[in-house]
Structure formats: structure tokens, C-alpha cells
Amino acid sequence: MNNKYELIMYWSKEDQCFIVEVPELPGCMADGATQSEALANVQRVVKEWIETAKELGREIPEAKGKLIHA
């Protein structure tokens, strides 16, 4: 993955899949049946999130690369 954004991955019993959230990019998340699949999916979603933000002229947060929420 080319970005340095913090990723939070967890198992969703309700959805029966792994969820990956990108807290620094509001609303950016992906899922997958395996951890590897979820990580691959979130790479695509992060790229799309950034592309959409650029198209709309929105600010793209700088990746802090560390836990920013406690």
C-alpha cells in the first residue's frame, strides 16, 4: 500500500467478515472474507477516496501514520 494512513481492522461477527476502517479519511472503509482480502479492498477504496476528494476540490488529510484516537 502506498499510503501511510492508520488502518483499524476487526472481525465483524454480524457481517461475518473483516472490516478495515481508515479513521483519517472520513467514511473510508472496506471489508473482506479474509484479512488479506480486506486489506486489498481498502487499498482500492483509499485510492478512490483520494481521487474523489481531488475531483471535488476537497482537502486530503496528511497521513499521520500513528494512532490518533484513544
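Positions are given from 1, in the same order as the sequence printed here.
W49 contributes no side-chain N or O that, together with a main-chain N or O of G27, makes up a donor-acceptor pair within less than 3.5 Å. Between the side chain of Q16 and the backbone N or O of K13, at least one donor-acceptor pair lies under 3.5 Å. Checking side-chain atoms of D31 against main-chain N and O of I19 turns up no donor-acceptor pair under 3.5 Å. The closest donor-acceptor contact from the side chain of Y5 to the backbone of V46 lies at 3.5 Å or more, if one exists at all.
Residues I8 and V45 are members of separate hydrophobic clusters, defined by side-chain heavy-atom contacts under 4.5 angstrom among Ile, Leu, Val, Met, Phe, Trp and Tyr.
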For the pair V42 and E21, evaluate side chain to side chain contact (heavy atoms under 4.5 Å, CB included) and give the outcome as yes or no after the intermediate values. CA-CA 8 Å; V42 83; E21 297 182 12; over 6 Å; no

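Taking 4.5 Å as the limit, some side-chain heavy atom of E24 sits within range of a side-chain heavy atom of E6.
Rounded to the nearest 0.5 Å, atoms CD (Q43) and CG (L7) are 9.0 Å apart.
The heavy-atom pair separating G32 from N41 by the smallest distance is CA-ND2, 4.1 Å. Nearest heavy-atom pair, A38 versus M9, reported as atom, atom and distance to 0.1 Å: CB-CE, 4.2 Å. In terms of heavy-atom proximity, I60 sits nearest to A53 at CG1-CB, 3.9 Å.
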